[in-house]
Number of protein chains: 2
Amino acid sequence: MAKKNKSALKEKKGVSVSEITNISSIKSIQDRRKAEIDTDTLIAKILDNDITALSRAITLIESKNSQHLEKANTIIKECLPHSNNSIRIGITGVPGVGKSTFIETFGSHLTQLGKRVAVLAIDPSSTITKGSILGDKTRMDALVKDKNAFIRPSASGESLGGVARKTRESIILCEAAGFDVIIIETVGVGQSETTVHSMVDFFLLLKLSGAGDELQGIKRGIIEMADSIAINKADGDNLKKAKIAKVEFNRALHLYPEKSSKWQPKVTICSALHNEGIDEIWDIILNYVEITKKNKYFNQKRNEQNKFWLIQTIENQLKSEFFNSPKIKKELIKQLKLIETNKTTPFTAADYLLSLT
Amino acid sequence: MAKKNKSALKEKKGVSVSEITNISSIKSIQDRRKAEIDTDTLIAKILDNDITALSRAITLIESKNSQHLEKANTIIKECLPHSNNSIRIGITGVPGVGKSTFIETFGSHLTQLGKRVAVLAIDPSSTITKGSILGDKTRMDALVKDKNAFIRPSASGESLGGVARKTRESIILCEAAGFDVIIIETVGVGQSETTVHSMVDFFLLLKLSGAGDELQGIKRGIIEMADSIAINKADGDNLKKAKIAKVEFNRALHLYPEKSSKWQPKVTICSALHNEGIDEIWDIILNYVEITKKNKYFNQKRNEQNKFWLIQTIENQLKSEFFNSPKIKKELIKQLKLIETNKTTPFTAADYLLSLT
């Protein structure tokens, strides 16, 4: 039995006979074998739509352990050919706009239509906000219990780049696990919207009516990214204000230049709490997918997003390598002092620092 | 005489005796000597407020010849201790807003107050717009003839980073040449406003009233950068509309969070053509300088700008070195194909490309 395993391993991994003649080698091979079985099993289970396996694999992606990351990379590689076949929806809005309730209602609407829905989150600030995003799963009570839904909070305490990579890789696994709709939630602050926008097909902005909130949104440039704006909490006393806001947003959106998707962003009102207007938003998304698949924009955008992440990852790594070098760190401080005292220019200092590597 | 020169050179440059015993060395020393005299003379003349010398030095900065650039660096280094003592004003606005007329009237107002005014321009798109910015100096007829004004069009056909560096370095020389006010003009398109904003003390946005122009400005995030908005062409039939626009902009500006300068941006109306409201704008700028010098923001901002340009220059160089390497260029194309065909992820591809260097 042991022999059979060894020869099987030899075939698979090209282990030499000399390598397996001492105990420690055998031990390490056994470890490797175990890891392989785990990975292979996980992959098979993910492709069989097993949510527990998916969850375990995402934990590997999020691990800081290099062996785990190696496993994660193997899993991602094997899942890749089975990915890419979902609709990826980004959802943003300032705190208080009702994102959790919206996702609960919207997600449940989709599972009732027979879809399988995965909800991921990007929240680089979760160390500050104490991981509130998706942390309070009780707000998504129905969805959490729904066997056709998968909810995964954001990896926290990471750089935005780190969180982004983990989320992008999680999308691949979710798609391989047969999820048709991937929702990426983000908090309505900082750079996270831009990050989410660059990894989804459709970007939905949740808004509230009134209180000057409209203009603040314009300021952050988020409205420009939106494929649709949904004015939430359009119920009771709010309904009238929401209808007015809808008209205002529609007017504002028409002032922006046409998107390269040829898609004219739509404004709707909804009440996630009362499940009103939710079906309309899903219809808008289906319409968007139909139009952009027909005009080839859909795949083109995904290709561009891939290229963006490739370049972005390289640039971040180049910068981090340079500025984290102890030699550069030391000299940078000196050069900054020389600049402050008017003894050198930023450009001469840059030339000098670059010459050190 | 020749001997005296040689020994003088030896002292200055540390040339060894053996080095000057053959003809070619002597020739190269003479060349070097000539260059030194030129540079020294230029520096002396610049510090003596000579506009012709200033102009020649800026030409060296803009040159693509490496010897010229070496000279330029020497000049900049010597001018640095005499720089930093001007008010740097960025002026932007869409084509048609009347930038040239405004600068003509505003600049002349300043020279009449005894100021010396330099006008530079940033126009990375000048290859497309055929260098129209400041190219048509006839629009600044009075300022061109004014001995206390210096007008220099943008270096064209360059990357924005290249133009930015040359402009920043030109500012140093203009200040060393005794100019009190440096105006940096930019076209109202693309990234040039951000670039100018990061090299001036005060950012002035020229606007026209009406025609939805207000919202377009908000969209581009330029209003957020403005320390003051001047609604130009506020004359004749336009006056009433301009006054309404002033109220609107004031309201919009109050919705933005307080600037770290503690400065509340001011909105004014003016008619550059009829020299109306121009003195008010200068008063606003003086007020800004007074407040921000008192609360230390003025120098703090200049330090931050220096740091920004240092980091920016390094990052651009790191990227350009990496992506222009022939090996990377070749492999990047291959990796992009693997990504497109779902055989690798952008992150794995990035890891691989980075491993090649």
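Each chain gets a letter, A, B and so on, in the order its sequence line appears, and its residues count up from 1.
Only the side chain of A:I76 has a heavy atom closer than 4.5 Å to any heavy atom of chain B. The part of B:L336 that comes within reach of chain A is its side chain, from C-beta onward, which places non-hydrogen atoms under 4.5 angstrom from that chain. Only the side chain of A:N303 comes within contact range of chain B, judged by heavy atoms closer than 4.5 Å. For A:T341, no part lies near chain B; criterion is any non-hydrogen pair under 4.5 Å.
In terms of heavy-atom pairs under 4.5 angstrom with chain B, the leader among A:K307, A:Q305, A:Q312 is A:K307.
For the salt bridge (Lys or Arg N to Asp or Glu O under 4.0 Å) condition, the pairs that include at least one residue of residues 296-305 of chain B, sequence neighbours left out, are B:D201-B:R302. Among pairs with a residue in residues 74-83 of chain B, none fulfils salt bridge (Lys or Arg N to Asp or Glu O under 4.0 Å), at least two apart in sequence or across chains.
Listed for the A:S63 side chain is no donor-acceptor partner under 3.5 Å among the backbone atoms of A:T59. For A:K259 (side chain) and A:E224 (main-chain N/O), a donor-acceptor pair under 3.5 Å exists by modelled atom type.
Of residues 315-328 of chain B, those residues lying under 4.5 Å from chain A by any heavy-atom pair are B:E315, B:Q317, B:L318, B:K319, B:F322, B:F323.
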Could you go through residues 347-357 of chain A and list every donor-acceptor pair under 3.5 Å that involves a side-chain atom there, pairing it with any protein atom two or more places apart or in another chain?
residue: A:T348; atom: OG1; partner: A:T345; partner atom: OG1; Å: 2.9
residue: A:D351; atom: OD2; partner: B:R165; partner atom: NH2; Å: 3.0
residue: A:Y352; atom: OH; partner: A:E331; partner atom: OE1; Å: 3.2
residue: A:S355; atom: OG; partner: A:Y352; partner atom: O; Å: 2.5
residue: A:T357; atom: OG1; partner: A:L354; partner atom: O; Å: 3.0

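Atom OG1 of B:T313 sits about 9.0 Å away from atom CZ of B:R168, to the nearest 0.5 Å.
For the pair B:K246 and B:V267, the tightest heavy-atom approach, listed with the atom from each and the gap, is CE-O, 3.3 Å. Across A:A57 and A:L173, no two heavy atoms sit closer than the pair CB-CD1, 3.5 Å.
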